[in-house]
Amino acid sequence: MLPNYGAMSAHELVVSHGATPSVQKLASAWTYALFGLSAREVGALSFLLHCKCSGGLVRALEGLGSGSGRWRIVGTAGAEQQLRGALAAQLRPGTVRLEEAVERVDQTSENRCIVSTKSGSVFQCAKVVLASAAAQCRDVELAPSLSEGKQWLASAPSGFLAAVRLSYEQPWWQERGLSGWGIGVDGPVCLVKDTSRDEEEGYSLTCIVAGEPGRELWRWEVADRQACVVKHVESIFGCDVPAPFSIVELEQQAPSLAVPAAGLRALEEDQWRPEGNVFFAGGETGFVWRGHAEGALAAGSRVADEVVRAISPSADELLSRL
């Protein structure tokens, strides 16, 4: 694979297979949705590897657009909050610190870690697990710096990804025999998906806004960019669309990191191994069902094993089983 596609972009990959201009635009919509970058900015192997680890292109796209709530528990209002509350209640009060963005991790000579946050808080610990997306983890200053096997993180291009949820009284797309799924090839919205949960909570379409068109749109005034999103949804579905009763801009997403071609071999050899007392558990560290609950559990289980072995190398019987 590396000799054949290592120097290709995703755009060049589809062109080499005879893609028409329309399919070339479609390929960019895919990479916009996944990486926040155009197909010309994403390496072919990075795109293929991501699709393989996600269970295929369709499954990779299915996992987008719901932000931190995409692993939802359906059926009981507030079930996610109840679950999070129950888990937090098992920990010592004050253990869970929200809104504490980590800025720096120092590994001291005493085999300890000092974690500094943007708010000025400082914590000491034995081990650090970075569970955010790789694109966010590289914004954390690590001392000492990352080893050679992860230096590609610094050169990986940064994409832009945001989501806007449009809520309606009725599922007008279903009434017209449509699935609610759509791909935009001209404009800031690259993907639309039906994210309705049940009749009590209404019906919604979530729009993925990405890449340079999305970054530019995000510089507009809120009312103007929301009006642009609604207009683009109309053009994607090719019909008059009723006005949404609610428009919610979800938090900006962390797009998957497009691994530069030069970094693929280093990644294969490194396999996200720990950096001293710093461990990596983000979604992109998984090589199975990336972007899905199963993949998150697999990555979490792997890192739990690594941490337990590091703390007590002989305590194999204590290894976590998620």
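- Using a 4.5 Å heavy-atom threshold, the side chains of Leu178 and Gln174 count as separate.
- In this structure, the side chain of Glu284 engages the main chain of Leu257 through a donor-acceptor pair within 3.5 Å.
- The two residues Ala143 and Asp106 make their nearest non-hydrogen contact at CB-OD1, 3.3 Å.
- Using a 4.5 Å cut-off on side-chain heavy atoms (C-beta onward), Val164 and Val248 make no contact.
- Remark: Tyr32 engages no residue in a ring pair (Phe, Tyr, Trp, His ring centres under 6.0 Å) (not counting sequence neighbours).
- A distance-only check finds a donor-acceptor pair linking the side chain of Ser46 to the backbone of Val259 [under 3.5 Å].
- Arg138 places a side-chain N or O within 3.5 Å of a backbone atom of Leu153 that can act as its donor or acceptor partner.
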List the atom pairs, donor and acceptor, that lie under 3.5 Å between side-chain atoms in residues 231-243 and the rest of the protein, sequence neighbours left out.
unit_1: His232; atom_1: ND1; unit_2: Val189; atom_2: N; d: 3.1
unit_1: His232; atom_1: NE2; unit_2: Asp186; atom_2: O; d: 2.7
unit_1: Ser235; atom_1: OG; unit_2: His232; atom_2: O; d: 2.7

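- Shortest non-hydrogen contact noted between Ser158 and Leu37 is O-CD2, 3.7 Å.
- In the model, Thr206 has a side-chain atom that pairs as donor or acceptor with a side-chain atom of Thr195 under 3.5 Å.
- In terms of modelled atom types and a separation under 3.5 Å, the side chain of Gln151 and the main chain of Leu146 share a donor-acceptor contact.
- Listed here is the closest heavy atom pair of Phe35 and Ser256: CD2-O, 3.3 Å.
- In this structure, Leu166 CG and Ser204 OG are separated by 8.5 Å, a value rounded to the nearest 0.5 Å.
- Judged by distance alone, the side chain of Gln226 and the main-chain N or O of Ala223 form no donor-acceptor pair under 3.5 Å.
- Counted by atom type alone, Glu275 and Ser147 present one or more donor-acceptor pairs between their side chains at under 3.5 Å.
- Rounding to the nearest 0.5 angstrom, the gap separating the SG atom in Cys51 from the CG atom in Leu49 is 9.0 Å.
- With hydrogens and angles ignored, the 3.5 Å screen pairs a side-chain donor or acceptor of Gln24 with a backbone N or O of Ala19.
- Side-chain N/O atoms of Asp194 and Trp173 include a donor and acceptor closer than 3.5 Å.
- When every heavy atom of Leu61 is checked against every heavy atom of Lys193, the shortest pair comes out as O-NZ, 4.3 Å.
- Under the 3.5 Å distance criterion, the side-chain polar atoms of Ser54 are matched with a main-chain donor or acceptor of His50.
- Here the shortest heavy-atom pairing between Tyr203 and Ser196 reads CA-OG, 3.3 Å.
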Which is it for Glu269 and Arg265 under the salt bridge (Lys or Arg N to Asp or Glu O under 4.0 Å) test, yes or no, and what are the steps along the way?
-> CA-CA 6 Å; Glu269 295 172 354; Arg265 195 172 297 281; 5.6 Å; no
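- Using a 4.5 Å heavy-atom cutoff, the side chains of Asn277 and Pro274 are not in contact.
- Side-chain atoms of Glu100 and Ser121 form a donor-acceptor pair, as typed in the model, at a separation below 3.5 Å.
- Considering only heavy atoms from C-beta on, Thr31 stays 4.5 Å or farther from Leu34 through its side chain.
- Between Ser119 and Thr117, the side chains place a donor N or O and an acceptor N or O closer than 3.5 Å (distance only, hydrogens not considered).
- Side-chain N or O atoms of Ser16 include one that pairs as donor or acceptor with a backbone N or O of Leu13 at under 3.5 Å.
- The shortest side-chain heavy-atom distance between Tyr168 and Leu205 falls under the 4.5 Å cut-off.
- The side-chain hydrogen bond (donor to acceptor under 3.5 Å, both in side chains) search around Asp270 returns Lys150, not counting sequence neighbours.
- Nearest heavy-atom pair, Cys190 versus Ala210, reported as atom, atom and distance to 0.1 Å: SG-CB, 3.9 Å.
- Using a cut-off of 4.0 Å between Lys/Arg side-chain N and Asp/Glu carboxylate O, Arg225 and Glu221 are scored as not salt-bridged.
- A donor-acceptor pair under 3.5 Å is formed between the side chain of Thr95 and the backbone N or O of Arg92.
- For the pair Glu216 and Arg219, the salt-bridge criterion is met [side-chain N within less than 4.0 Å of a carboxylate O].
- A donor-acceptor pair under 3.5 Å is formed between the side chain of Ser28 and the backbone N or O of Ala39.
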